[in-house]
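Source: prediction; values computed, not measured.
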Amino acid sequence: MAAIAVNQFAECVTCHAWSPDHSMIALCPNNHEVHIYKSIEENWERIHVLQKHDQIVAGIDWSKSSNRIVTVSHDRNSYVWNQEGSVWVPTLVILRLNRAALCVQWSPKGNKFAVGSGAKTVCICYYEQENNWWVSKLIRKKHDSSVTSVAWHPNNVLIATTSTDGKCRVFSTFIKGVDAGKPRKSGSGSSLDAKFGEQIVQLDLSFCWAFGVKWSPSGNSLAYVGHNSMIYFVDHIGPSPSAQSVVLRDLPLRDVMFVSEKLVIGVGYDCNPMVFAADGIGSWSFVRFLDEKKSASSSARYGSQLTEAFGKFYGSSKQGTSNDKTRGGVHDNCINCIVPFKTSSGSNKMTSFSTSGLDGKVVIWDLKNQEDLLEYM
């Protein structure tokens, strides 16, 4: 059993985020409100209710560097919340959207955040000191449908997106005056001297809706998931990327997260986090569900074949297939959100993460005692 804490906050949790010190959690109970809970004597007590949106809050992120909360909603608005004493004060963000805002994430430095929307656009938002407000620059005419997820590269400039048009894209978000100096080359070798909104690469691996996308800690790789029960791993982001795909016999995933360069957790409709790992040559495969004992060695590895590097992702890559597993665990319904929780002291290695879902639970998962996964961490 990997879960170390299970809390039932609502009938359904749309999304959640942790405060920098992990003593508070902000979540949306599937309505227009954001509830903030604080851990007091081993119990979670609701201490704030943020009420400014008119429709369901679709995304929350809590900045680790500035302690600000950003929220987005189906009402097409976004607010940045600053804590002043015991009160959270909202500041409206000028998004200029004509459709719902669907997802949001702070950049690593906390000086920008990205909003994906149903208007086929991505808003890159930053603070204008002279006007004392948050404004946005829009990445337009690139997506053919709703933007379902956004993920910042560690360099604070590149951003990856997924969309219901089935594609994953990487863009430059360099803003003069916001990003200091000139962007430098990343470890992945992709060009970062591109203008704002310039598309670095388009990945056409999925032929259905694409959901959660994340970068690896180094920024050299990314992973995203499709509604066709597939997960995609892409290396060498740039003119000649290489890709792998793993086919699941189970239900589709909704979100994904890198624990390390060789370990990925996926969550979705099977209500149980799925573990994927890379072997010595970088070939990814499904290992097991996290909420169960390690499977036999004969079924612990599945054939995920490395696709030859190619520039345009038309056509399908070679595919591996995961083994059939018993569903169910701590969660009783679809898991739609996964976020990092804690890292080990003295290093940046992730030791735990949290998930939330349609069952209203927030579950904290411990990785330190997963002996069979230690070699990948």
Side-chain angles (χ1 to χ4, degrees), residues 14-15 17 26 28 31-34 36 48-84 87-153 156-163 169 171-180 183 194-199:
T14 307
C15 48
C28 171
N31 58 22
H32 66 283
E33 299 176 343
V34 174
I36 298 179
H48 299 288
V49 177
L50 309 185
Q51 295 178 311
K52 196 66 177 178
H53 291 287
D54 298 326
Q55 297 182 30
I56 291 177
V57 174
I60 303 171
D61 200 16
W62 203 321
S63 174
K64 302 297 184 291
S65 59
S66 64
N67 197 38
R68 294 189 181 106
I69 298 174
V70 61
T71 59
V72 296
S73 167
H74 292 178
D75 62 10
R76 302 172 295 172
N77 290 323
S78 173
Y79 292 95
V80 174
W81 303 80
N82 293 277
Q83 189 172 19
E84 298 180 4
V87 178
W88 286 91
V89 179
T91 302
L92 179 64
V93 183
I94 311 299
L95 292 182
R96 296 175 290 160
L97 294 177
N98 59 6
R99 295 291 187 274
L102 301 177
C103 53
V104 65
Q105 187 180 56
W106 285 103
S107 67
K109 293 183 179 179
N111 60 343
K112 300 184 290 187
F113 61 88
V115 178
S117 74
K120 310 177 186 178
T121 61
V122 178
C123 306
I124 306 300
C125 306
Y126 59 97
Y127 186 69
E128 279 193 348
Q129 187 70 39
E130 59 272 19
N131 295 318
N132 192 30
W133 61 16
W134 290 83
V135 297
S136 63
K137 295 187 69 173
L138 272 59
I139 300 175
R140 299 178 182 268
K141 300 180 180 179
K142 302 294 184 180
H143 299 88
D144 298 322
S145 192
S146 299
V147 179
T148 56
S149 182
V150 293
W152 286 95
H153 190 279
N156 208 70
V157 175
L158 292 184
I159 191 168
T161 68
T162 52
S163 171
R169 298 172 174 88
F171 299 96
S172 169
T173 69
F174 182 79
I175 301 175
K176 187 177 181 180
V178 177
D179 297 296
K195 297 179 181 179
F196 175 88
E198 185 172 333
Q199 182 172 286

Stepwise side chain to side chain contact (heavy atoms under 4.5 Å, CB included) check, I36 with W88: CA-CA 10 Å; I36 298 179; W88 286 91; 3.6 Å; yes

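Checking N156 against N111 by side-chain atom types alone, a donor-acceptor pair falls below 3.5 Å. D75 and H53 form a side-chain donor-acceptor contact under 3.5 Å, judged by distance and modelled atom types alone. In summary, the side chains of K109 and S65 do not present any donor paired with an acceptor at a separation below 3.5 Å, with no hydrogens or angles considered.
V57 places none of its side-chain heavy atoms less than 4.5 Å from the side chain of V72. Between V80 and T71, every side-chain heavy-atom pair lies at or beyond the 4.5 Å cut-off. The shortest side-chain heavy-atom distance between K112 and Y127 does not fall under the 4.5 Å cut-off. The shortest side-chain heavy-atom distance between V115 and V150 does not fall under the 4.5 Å cut-off. Contact check for N67 versus W62: side-chain heavy atoms found under the 4.5 Å cut-off.
Contact detail for S163 and S146: the closest heavy-atom pair is OG-O, 2.8 Å. Contact record, F174 with A194: CB-O, 4.3 Å, taken as the closest heavy-atom pair.
Aromatic pair F171/H143: ring centres closer than 6.0 Å.
Counting only distance, with no hydrogens or angles, the side chain of S63 and the backbone of G110 share no donor-acceptor pair below 3.5 Å. No donor-acceptor pair under 3.5 Å is formed between the side chain of N131 and the backbone N or O of W133. With hydrogens and angles ignored, the 3.5 Å screen pairs a side-chain donor or acceptor of T148 with a backbone N or O of T162. Side chain of S117 to main chain of T121: a donor-acceptor pair is present (N/O by atom type, distance under 3.5 Å, no hydrogens or angles).
Going from atom CD of Q199 over to atom OG1 of T161 covers 8.0 Å, rounded to the nearest 0.5 Å. The line from CD1 of I69 to OH of Y79 is 15.0 Å long, rounded to the nearest 0.5 Å. Between the CD atom of E33 and the SG atom of C28 there is a distance of 8.5 Å, given to the nearest 0.5 Å. Expressed to the nearest 0.5 Å, how far CG of N31 lies from CD1 of I56 amounts to 7.5 Å.
A cation-pi arrangement is present between K137 and F196, with the terminal nitrogen or guanidinium carbon under 6.0 Å from the aromatic centre and inside a 45° cone about the axis.
Listed by first and then second residue, the salt bridge (Lys or Arg N to Asp or Glu O under 4.0 Å) pairs involving residues 117-135 amount to none (not counting sequence neighbours).
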Indicate every side-chain donor-acceptor pair of residues 89-106 with a distance under 3.5 Å to a residue at least two apart or in another chain.
| from | atom 1 | to | atom 2 | distance (Å) |
| --- | --- | --- | --- | --- |
| R96 | NH2 | S136 | O | 2.7 |
| Q105 | OE1 | W152 | N | 2.9 |
| W106 | NE1 | D61 | O | 3.3 |

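W134 meets the side chain to side chain donor-acceptor pair (under 3.5 Å) test with no other residue; sequence neighbours excluded.
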